[in-house]
Amino acid sequence: MTRLLHVDSSILGEKSLSRRLTAELVDKLRGDIPDLEVAYRDVAAVAPPMLSGALFSARGAAAEPEDPALRADFEAARQLLEEFLSADIIVIGAPMYNFSIPTQLRGWIDHLVVPGKTFAYTQAGLQGLVAGKRIIVVSTRGSLYAEDAARSEQDHQEAYLRTTFGNLGVTDFAFIRAEGVGLGEAQKNEALAAARRDIAALAAA
Ligand SMILES: Cc1cc2nc3c(=O)[nH]c(=O)nc-3n(C[C@H](O)[C@H](O)[C@H](O)COP(=O)(O)O)c2cc1C
């Protein structure tokens with residue numbers, strides 16, 4: 001069985017382009033991989049708990065927290081990490097918001113970057129502990145960044161995701177991109193068509 005975790009983070013609901021594209025991408029993979037089991041996580045609908053100081057400390061403590069609210073956050077965070085660790089393929093809908101990713105997606109990632117679980121500090125530096133996963137990010141953005149060196153310096157969305165998951169040890173990492181979607185209907189349709197071509201061309205494994 002192949003486990004896929006489908007994560008959406010757009011705050012735009014029905015109007016979201018990344019949600020549309022992640023759904024199409026997951027459908028394509030369902031067709032390609034007969035034994036695919038899909039879990040769905042909408043971090044905009046149910047926001048991950050904020051990584052507070054108390055929650056951060058609870059992570060490293062020997063016993064689970066006694067305070068009921070903190071305990072609930074601790075359990076939610078633990079579940080998010082387990083769900084990530086148990087997936088073989090992770091499809092992430094990651095729109096660019098304010099040159100970065102949605103707050104809720106960042107909140108999700110805060111529960112995945114956990115020493116001893118997904119990375120380790122070693123004498124040689126950071127060592128990623130996440131091996132054998134495939135991550136496919138659907139990146140949507142209003143402007144154009146990829147082809148322009150000056151603009152791509154402003155990209156803290158794809159760059160952040162690449163850096164973060166790369167440091168966790170993920171090497172099979174791909175972007176499906178629709179950019180310039182805010183630059184008029186023609187550019188938006190062209191961007192969606194390009195993303196759909198990339199989805200169709202994705203290898204099954
Ligand atoms: C709150 C917000 C912030 C945005 N910030 C940027 C930005 O910094 N740069 C950009 O190129 N587009 C920006 N956009 C445009 C989105 O990237 C674009 O609408 C994209 O389709 C969002 O993906 P979604 O439709 O799945 O939400 C922003 C949109 C929203 C709603």
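In listed order, ligands and their atoms are each counted from 1. Sequential numbering from 1 along the given sequence is applied to the chain's residues. Given the structure is predicted, the values throughout are model-derived calculations rather than measurements.
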Show me the donor-acceptor pairs, under 3.5 Å and distance only, between side chains in residues 193-205 and residues at least two apart or in other chains.
{"residue": "Arg196", "atom": "NE", "partner": "Glu24", "partner atom": "OE1", "Å": "2.7"}
{"residue": "Arg196", "atom": "NE", "partner": "Glu24", "partner atom": "OE2", "Å": "3.4"}
{"residue": "Arg196", "atom": "NH2", "partner": "Glu24", "partner atom": "OE2", "Å": "2.9"}

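Scanning the protein heavy atoms around atom 16 (C) of ligand 1, the nearest turns out to be Met96 O, 3.5 Å. Of the protein's non-hydrogen atoms, the one nearest atom 8 (O) of ligand 1 is Phe99 N, 2.8 Å. The closest protein non-hydrogen atom to atom 26 (O) of ligand 1 is Ser18 OG, 2.5 Å. Looking only at heavy atoms of the protein, atom 29 (C) of ligand 1 is closest to Tyr97 CD2, 3.7 Å.
Near Ser10, meaning under 4.0 Å from one of its heavy atoms, ligand 1 places the atoms 24 (P), 26 (O), 27 (O). Near Tyr145, meaning under 4.0 Å from one of its heavy atoms, ligand 1 places the atoms 9 (N), 10 (C), 11 (O).
Of all the heavy atoms of Leu17, the ones lying under 4.0 Å from any atom of ligand 1 are found in both the backbone and the side chain.
Taking only nitrogen or oxygen atoms, main chain and side chain alike, Gly142 reaches within less than 3.5 Å of ligand 1. Taking distance alone, with nitrogen or oxygen atoms compared against 3.5 Å, Pro95 stays at or beyond that limit from ligand 1. By the 3.5 Å distance cut-off applied to N or O atoms, Val181 is not counted among the residues near ligand 1. In terms of polar-atom proximity, defined here as any N/O pair under 3.5 Å, Ser143 does make such a contact with ligand 1. At a 3.5 angstrom cut-off on N or O pairs, Ile11 does not count as close to ligand 1.
The side-chain contact (heavy atoms from CB on, under 4.5 Å) test with Ile33 is passed by exactly one of Ile89, Val38, Asp88: Ile89. Partner of Ser139 under the side chain to side chain donor-acceptor pair (under 3.5 Å) criterion, chosen from Glu158, Glu179, Arg177: Glu158.
Atom 5 (N) of ligand 1 has its nearest heavy-atom neighbour, among Leu21, Val138, Asn98, Thr140, in Asn98.
The closest donor-acceptor contact from the side chain of Thr164 to the backbone of Leu161 lies at 3.5 Å or more, if one exists at all. Within the 3.5 Å criterion, the main-chain N or O of Pro49 finds a donor-acceptor partner in the side chain of His111.
Side-chain contact between Leu112 and Val130 is absent, with no heavy atoms from C-beta onward closer than 4.5 Å.
In this structure, Trp108 CH2 and Thr103 OG1 are separated by 15.5 Å, a value rounded to the nearest 0.5 Å.
Between Asp155 and Arg151, none of the side-chain N atoms (NZ, or NE/NH1/NH2) sits under 4.0 Å from a carboxylate O, so this pair counts as no salt bridge.
Taking a 6.0 Å sphere around OH of Tyr40, one finds it holds more than 12 heavy atoms contributed by other residues, nucleotides or ligands.
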